[in-house]
Each structure stands twice: as C-alpha cells, then as structure tokens.
Amino acid sequence: MSEKVGIFVCECGPNIASKVDIDKIKQNISELEDFQDKELVVKNHKLLCSVEGKKFLEKEIKDNNITHLVVAACSPRDHDTTFMEICKKTQLNPFMYQMVNIREQCAWVTPDKEQATKKAVRMIHGGMDRVLYQQALEEKHLDSNPDVLIVGGGIAGMEAALTLAGEDRLVFLIEKNEKLGGKSARLTKLLPRQGVSLNVLHQKISEIENNQYIKVFTNTELESAVGFLGNFEIEIKDVNKPDKTTELLAGAIVVATGFELLDHKVLDSYNVKTDDEVYNALEIEEMLSTSGKIIMQNGKEPKKVALIHCVGRPEVGYCSKVCCTYLLKVAKLIKEQSSQIEVTQLYKHMCLPHKQDENFYDKVQGQGIKFIRIKDSIIKGTKIDYTDISDVKQKMDVDMIITGTAMIPTKQTKQLAEELNIELHETGFYQEAHLKIDPVSTNTDGVFVIGGAHGPTGITETMLQAQAASGKIFTQLIPGEKITPEVKVSEILEAYCTGCKTCLDVCGFGAIYFDDDKGISIVNEAICRGCGNCVGSCPSGSIVSKHFTNPQLYQEVKEVLR
Amino acid sequence: MKEFRPKIVGFLCNWCTYAAADLAGASKQEINPSLNVVRVMCSSRIDQNLLLNTYYNGADGILVAG
Ligand SMILES: Cc1cc2nc3c(=O)[nH]c(=O)nc-3n(C[C@H](O)[C@H](O)[C@H](O)COP(=O)(O)OP(=O)(O)OC[C@H]3O[C@@H](n4cnc5c(N)ncnc54)[C@H](O)[C@@H]3O)c2cc1C
Ligand code: SF4
Ligand code: SF4
Ligand code: SF4
C-alpha cells in the first residue's frame with residue numbers, strides 16, 4: 001500500500017487563522033522537498049473539533065484512503081482523544097495519526113505573523129516526518145474484577161466497605177485483630193458532637209454483619225498481592241495459623257491500616273515508670289468508656305491532672321492534628337466527672353483546624369480549666385519541670401499526667417508498602433499519588449490509602465477519604481466493563497536484553513519482572529505507564545518506548561530544527 | 001552580520017511542563033520562536049541518545065523540563 005499522508009490544518013475559528021497565514025502554511029508544506037514522492041492531501045477547516053468538522057475529517061480519511069494523518073490544531077491535551085476516536089471510525093489505526101499543537105505552542109505565543117507561520121510549518125513538518133515512522137498499535141481489553149480488598153477494619157475500612165459493597169461488587173475486609181473497630185472502639189465520646197463512639201461503631205459493625213456482600217476476615221493479614229488495577233491475585237493468612245492461607249481475587253486494594261501512638265516512655269524528656277500515673281489519652285479514653293471515670297491505681301480519684309500537648313511532635317516533625325481537640329474533650333469530661341479536680345492544659349500550640357473547634361475551645365475555657373502555654377517540659381514521674389513562654393522555669397506536681405502523643409505509622413507499614421509497591425512519605429506514612437489533585441490514590445494504580453494510614457486524621461477526614469477512594473473505585477472498576485490498559489508502553493526486545501536487571505530498579509511502577517527461564521527482563525504491559533524512564537537505563541538499548549521510539553523523536557527533532 | 005538566532009529544543013513532559021507551556025499559550029505569553037517544543041510522556045524518557053542526536057541535528061541548546 002502506498003503512503004498517503006493527510007494534513008489537516010484547523011483554523012480554530014479566528015484563534016489560529018488570525019495569527020498565522022493558513023494559505024502559506026498549506027502551500028509550504030505541499031512543497032516540502034522530502035515529501036515530493038509522497039501523495040499528500042492538504043486541507044484546512046474552520047473548526048475541526050465541531051460536529052461538522054469531525055464529520056468532514058472522517059469523510060476525508062475514508063474517501064482519500066489516508067494512511068498517515070497529521071492534524072495541526074490545538075493542544076493534544078485538549079483534543080488528541082477526539083481525533084483518535086475519529087480514526088477509530090475509519091480504516092486508519094489511531095496510532096498512525098499525530099497531532100501538532102500550532103495554537104498554544106505557536107499561534108498564541110508568537111506575535112510576529114511571519115515568524116508564527118514559519119514555526120507552524122516547521123512543527124507540521126515535524127509531525128509529517130514523525131508520523132511516517134509511527135506504527136499501528138492495538139488496544140487490548142482486559143476483563144476486570146470489580147471486587148475490592150480492604151486491609152484494616154477500623155472506621156476507615158468499615159466505611160469504605162459499606163460504601164462499596166453491593167449486588168455486583170464484593171468486598172473482602174481483613175482485620176488483624178479479633179474484632180472490627182480499630183482505635184474508635186477504645187474512644188469514649190466523639191468530637192465534634194460528642195456522640196458515644198461505641199454507639200456509632202456498633203451501628204456500623206452490625207450493618208457490616210448484615211451485609212451479604214461484605215466478607216469479613218478477622219485475625220487476618222495480607223500475605224501477598226500481585227497484579228494490577230482490575231486484576232489482583234491476593235493471598236491472606238490467619239494470624240494465629242500462618243500456614244493457613246486463603247486466595248482471593250480483587251480489582252482494587254484499599255489500605256486502611258490506621259496509625260499507632262508514640263510511646264512517651266521512649267522520649268528523653270520522659271522519665272516515667274509503668275506504675276507512674278502517666279497515661280496517653282487513648283488509655284484515658286478507654287478508662288472513661290469502660291468505667292465512666294478516671295481513677296488512679298490506688299482506686300482514688302486524682303485531685304490534680306495535667307494534660308500535655310505536642311508530646312513527641314518535635315521528634316516526629318509534624319503536628320498530629322487531632323490531639324489538641326481530643327485533649328480539650330478529655331479535660332471537659334474530667335471536669336464533668338468532678339468539678340473539684342484541678343485540670344491544667346500545658347500546650348505549645350493550639351491546633352483547632354475545624355470550623356466547630358473554636359467554639360468548643362471557648363466552651364472548655366469556661367469550665368475552669370487552666371491553660372498554660374509552655375516552651376518545653378521535662379517529666380519525672382508525675383512531677384513536671386517546664387519553661388513558660390517568658391522563659392521562666394516552673395515546677396508543677398500533679399497526681400496524674402495525660403499525654404497527647406504523636407500519631408505515628410504502624411510497625412507493618414514498611415512491609416505492606418513493599419508488598420503493594422507503594423511509596424512512603426518521609427514521615428513513614430504511605431505517600432499519596434498527589435497531595436492536592438489525587439490524595440487517596442498511590443503510585444500504584446488500583447491501590448488506595450485512607451484514614452490514619454494516610455497520616456494523622458480525625459474521623460471526619462477519615463470518612464471523607466473512605467468515600468473518596470470508593471468514588472475512585474466506582475469510576476475505575478465498573479462491573480461488567482473491560483479495562484483498556486495504556487497502549488503506549490515500553491517493550492523489551494528479547495534478542496537484545498542481556499539480563500543485567502538494571503531496568504528493574506529504574507521502573508517506579510514495578511512494571512518490569514525478570515524471567516528466570518529466559519534470563520531476560522519483561523515489561524508487564526498492564527502495569528507500565530509508558531513513562532520511558534527505563535529506556536535510557538538499558539546499557540544494551542533493548543527497550544523501546546512505543547509511540548515515542550527514538551526514530552520517531554529523531555524525525556520530529558530534525559524537522560523542528562530546520 | 002546576521003543576528004544570531006539560537007535553535008532550542010524543549011523536551012517537555014505531557015503532565016507538567018507541557019501543560020504549563022499550554023497555559024502560557026492560553027494566557028498569550030510571548031515565547032521566542034527559537035524554542036521548539038517536543039512533547040514526551042515523561043522527562044525521564046530523555047536519554048543521552050536523544051540529547052546527542054538533537055545537538056547533531058543543529059540544536060544550540062536543549063531544555064529538558066519535567
Ligand atoms: C486518644 C484519641 C482520641 C481521639 N478522639 C477523636 C475524636 O473525638 N473525634 C475524632 O474524629 N477522631 C478522634 N481520634 C482520631 C481517630 O481515632 C482516628 O481518626 C481513627 O481511629 C482513624 O481510623 P482508621 O480506621 O484509619 O485507623 P484505626 O482506628 O487505627 O484502625 C486501623 C485498623 O486496621 C487494623 N490493621 C492495622 N494493620 C493491619 C494489617 N497489617 N492487616 C490487617 N489489619 C490491620 C487495626 O487492627 C485497626 O483495626 C482520636 C484519636 C486518639 C488517639
Ligand atoms: S494537634 Fe495540637 S497537640 Fe497535637 S501535635 Fe498538633 S499542636 Fe500539638
Ligand atoms: S536493562 Fe536492558 S539488558 Fe538489562 S535487563 Fe533490562 S532490558 Fe535487559
Ligand atoms: S516505561 Fe516507565 S512504567 Fe513502563 S516499564 Fe519503563 S520505567 Fe516502568
């Protein structure tokens with residue numbers, strides 16, 4: 001079949017037409033020397049992306065039997081897929097087309113019309129030469145599994161399970177403890193509205209138990225997971241009988257493994273023994289929720305209680321966001337237990353991030369609770385040496401200390417991150433794909449992170465994240481629909497690969513695996529994102545980035561430099 | 001003497017710098033026509049072969065941005 005190159009220049013209304021000389025462009029590209037032996041179809045149109053424009057292009061491709069197509073128009077970020085869809089309606093493979101951005105990258109940024117016209121010609125020439133080196137690529141459609149594995153049965157995992165489960169989507173919820181609930185099961189009243197934590201939780205747990213589409217596995221951890229969005233093969237194991245494993249299939253994985261509290265005893269400034277009356281707030285919450293009040297080990301009510309903020313914050317290097325408010329809550333509950341108890345808050349910063357917090361703070365202040373702003377403190381048993389904000393050293397002796405300690409990543413975080421190929425943030429929590437534009441996704445497609453596992457969060461934020469991840473899964477794994485993995489992926493040429501394994505470390509998506517039998521590396525096309533990072537790393541030049549091959553880029557570069 | 005007009009190739013990442021260049025276009029920022037943009041899917045795609053080849057084809061400067 002002889003080559004027939006179609007070049008369609010879009011005027012984009014006046015957007016392009018008023019900034020370049022369309023006729024001159026058409027004339028110049030028709031006369032390009034190295035295209036003299038090729039059959040060219042060169043046309044312009046007012047608005048190629050309009051309904052009428054699309055019909056025009058489709059007809060032109062068909063009628064002229066175009067084999068290679070160049071569309072010179074706006075940014076491929078706007079309309080690449082529009083024109084690929086048109087190709088799909090014709091005989092032309094969509095990868096035998098190239099878009100040239102003469103609007104954003106030329107007409108709009110080059111005030112001199114003559115210069116703009118010349119540049120447009122160079123750019124189109126680049127596209128014409130490039131397209132001759134392009135290859136037809138075929139899309140693959142893979143079956144995808146809509147079911148979801150959720151690791152961690154705290155409030156985050158439970159909320160995601162309840163949101164996701166339904167007639168056409170099973171949820172497997174695994175929890176390493178014997179019961180669902182996580183930290184929330186140990187809390188007393190919940191901020192902001194002070195509903196009883198256990199009531200909220202029991203309602204969720206019973207909803208889960210009554211939901212036939214949620215399979216709960218307690219005393220269970222993840223053993224292994226391999227695969228990609230839509231197709232993960234998973235093994236889970238019984239914590240008490242590690243030999244007992246079960247295999248599951250799922251299309252997505254949600255990590256909801258929560259957080260831990262830093263043990264204040266590891267801090268240099270804390271000289272406390274286990275039998276000292278020094279507790280972290282979670283222990284106090286538990287005491288309050290089981291016996292309704294705080295008491296010391298001798299069975300008596302403390303007369304003086306100090307609550308210390310920011311314990312471990314300088315060491316971990318971040319604010320835990322919820323401790324200020326839960327310490328206010330705990331102080332209020334102690335005052336409600338007995339107004340005789342002297343309650344003092346020793347704080348460095350007061351973090352009140354939610355809209356209702358300020359109001360709550362005012363309420364607590366009205367209850368006779370003392371607030372002292374400090375710079376530092378050293379704890380020996382229940383004796384506190386602190387420096388106040390005027391740099392004066394002070395002493396305080398109390399009956400009980402309650403610490404607001406930093407929320408830290410769980411011990412298994414690193415191991416799970418390796419198993420799921422997701423990155424960690426410098427704080428040790430899991431790293432999101434993008435803090436602002438993709439906050440619950442990770443660097444691995446199909447793996448999401450929510451709740452305390454993501455970083456310090458209160459329950460409201462945890463719920464938001466659970467629902468956000470569910471929304472992502474709803475749109476990415478539609479029951480009955482196939483998924484189309486990226487086509488512009490990398491390929492390792494078997495004959496050239498020496499098996500040096502360099503590329504395995506380079507790929508940030510874990511898309512390359514080593515075939516021990518053949519002694520070569522292979523790209524898993526369903527995982528590869530086509531970034532091309534591996535291409536340059538291969539000492540034997542055996543990796544090809546499809547649709548961005550060296551010859552294709554060389555051609556484009558050569559022409560734009562004319 | 002003819003004015004020296006350097007030829008520059010800018011390899012821009014589709015997701016960040018190419019999008020930024022589009023934005024510069026949409027805000028009608030003037031860009032010297034000596035800059036010729038080549039879109040790639042990630043700046044990590046640019047290897048020594050591409051750089052050398054670009055110089056070989058007459059580039060006076062190369063911008064890799066991602
Ligand atoms: C003292 C204190 C008071 C608080 N008070 C409030 C409040 O009043 N209001 C509020 O909104 N927030 C409060 N919070 C914050 C609240 O506790 C968290 O927002 C919430 O617990 C986060 O839920 P989660 O499900 O992400 O994590 P978690 O509650 O930590 O649950 C994680 C679950 O995952 C399980 N798990 C962990 N690793 C694995 C694994 N590898 N495999 C399987 N399962 C695993 C755990 O056993 C646990 O059940 C408070 C926190 C503390 C410490
Ligand atoms: S929330 Fe308050 S107590 Fe906790 S680290 Fe931040 S400032 Fe300190
Ligand atoms: S870097 Fe190249 S030669 Fe080495 S294993 Fe990867 S593909 Fe093979
Ligand atoms: S192109 Fe990128 S994602 Fe694909 S195998 Fe190479 S490095 Fe990995």
Side-chain angles (χ1 to χ4, degrees), chain A residues 15 19 74-78 80 98-112 114-120 122-123 126 130 434 486 488-490 506-508 529-538 541 543 545 547-548 550-562, chain B:
Chain A
N15 282 313
K19 303 281 185 189
C74 54
S75 174
R77 293 178 53 89
D78 284 356
D80 207 20
Q98 179 67 20
M99 194 166 181
V100 179
N101 182 354
I102 58 165
R103 194 181 71 179
E104 279 86 342
Q105 310 279 350
C106 178
W108 278 351
V109 293
T110 322
D112 182 314
E114 198 191 320
Q115 288 290 339
T117 305
K118 278 190 183 160
K119 185 173 176 182
R122 287 204 302 276
M123 291 172 76
R130 187 192 202 281
H434 191 292
E486 179 59 66
K488 305 186 290 283
V489 292
S490 283
V506 171
C507 178
R529 308 275 185 99
C531 66
N533 193 6
C534 52
V535 176
S537 77
C538 174
I543 312 182
S545 170
H547 210 57
F548 284 87
N550 279 350
Q552 289 163 4
L553 293 174
Y554 291 167
Q555 288 303 315
E556 186 174 343
V557 164
K558 187 178 88 203
E559 297 311 327
V560 297
L561 278 171
R562 262 183 208 261
Chain B
M1 206 175 79
K2 240 179 95 183
E3 189 198 345
F4 173 58
R5 274 184 172 276
K7 292 179 179 174
I8 297 164
V9 172
F11 290 107
L12 307 189
C13 160
N14 180 59
W15 311 104
C16 56
T17 43
Y18 190 85
D22 272 358
L23 191 64
S27 11
K28 315 281 160 74
Q29 301 268 348
E30 181 175 346
I31 295 172
N32 194 305
S34 315
L35 176 70
N36 300 286
V37 169
V38 173
R39 185 175 69 112
V40 286
M41 295 315 279
C42 172
S43 53
S44 71
R45 166 69 183 86
I46 309 308
D47 58 8
Q48 62 276 34
N49 295 328
L50 262 167
L51 296 176
L52 292 175
N53 188 277
T54 305
Y55 283 126
Y56 176 78
N57 278 298
D60 297 302
I62 301 175
L63 169 73
V64 180

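Chain letters run A, B, ... following the sequence lines, proteins first, then strands; residues in each count from 1. Computed from a predicted model, the values in this text were never measured in an experiment.
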Exercise for the section: Kindly indicate whether the side chain of A/Arg77, heavy atoms from C-beta on, has any atom under 4.5 Å from the side chain of A/Asn101. Expected result: no
Handout entry: Residues of residues 53-62 of chain B within contact distance of chain A, non-hydrogen under 4.5 Å
Key = B/Asn53, B/Thr54, B/Asn57, B/Gly58, B/Ala59
Exercise for the section: Could you pull out the closest heavy-atom pair between A/Ser490 and A/Gly532, with the gap in Å? Expected result: OG-CA, 4.3 Å
Handout entry: Check: B/Thr17 and B/Phe11 side chains under 4.5 Å, non-hydrogen atoms
Key = no
Problem - Choice from A/Glu556, A/Arg103, A/Gln105, A/Lys119 maximising heavy atom contacts with chain B below 4.5 Å - result: A/Gln105
Practice task
Say whether, by atom type as modelled, one donor and one acceptor occur between the side chain of B/Asn36 and the main chain of B/Ser34 under 3.5 angstrom.
Solution key: yes
Problem - Closest non-hydrogen atom pair between A/Tyr554 and B/Asn49, with its separation - result: OH-CB, 3.4 Å
Exercise for the section: Report yes if the side chains of B/Arg39 and A/Asp80 come closer than 4.5 Å at any heavy-atom pair, otherwise no. Expected result: yes
Completion exercise
For B/Cys13 and B/Ser43 the tightest heavy-atom approach is CB-N, 3.9 Å
Exercise for the section: Can you tell which part of A/Arg122 gets under 4.5 Å to a heavy atom of chain B, answering side chain, backbone, both or neither? Expected result: side chain
Problem - Options A/Thr110, A/Asp78, A/Val506, A/Val535, ranked by heavy-atom pairs under 4.5 Å with chain B, top entry - result: A/Val535
Practice task
Heavy-atom pairs under 4.5 Å with chain B are the metric here; pick the option from A/Gly530, A/Pro76, A/Gly536 that has the most.
Solution key: A/Pro76
Completion exercise
The interface call for A/Lys488 against chain B, heavy-atom contacts under 4.5 Å, is side chain
Completion exercise
Tightest non-hydrogen contact, residues B/Gly10 and B/Leu35, listed as N-CD1, 3.9 Å
Problem - Non-hydrogen side-chain atoms of A/Gln98 and A/His547 separated by less than 4.5 Å - result: yes
Handout entry: Part of A/Lys558 lying under 4.5 Å from any heavy atom of chain B
Key = both
Problem - A/Ser75 to A/Glu104 - nearest heavy-atom pair and separation - result: N-OE1, 3.3 Å
Completion exercise
Closest non-hydrogen contact found for A/Met123 with A/Cys106 is SD-CB, 3.8 Å
Practice task
Using a 4.5 Å cut-off on heavy atoms from C-beta on, say whether the side chain of A/Cys531 contacts that of B/Arg45.
Solution key: no
Fill in the blank from the handout: Against chain A, residues from residues 22-31 of chain B with at least one heavy atom under 4.5 Å, in numeric order, are B/Asp22, B/Ala24, B/Gly25, B/Ala26, B/Lys28, B/Gln29, B/Glu30, B/Ile31
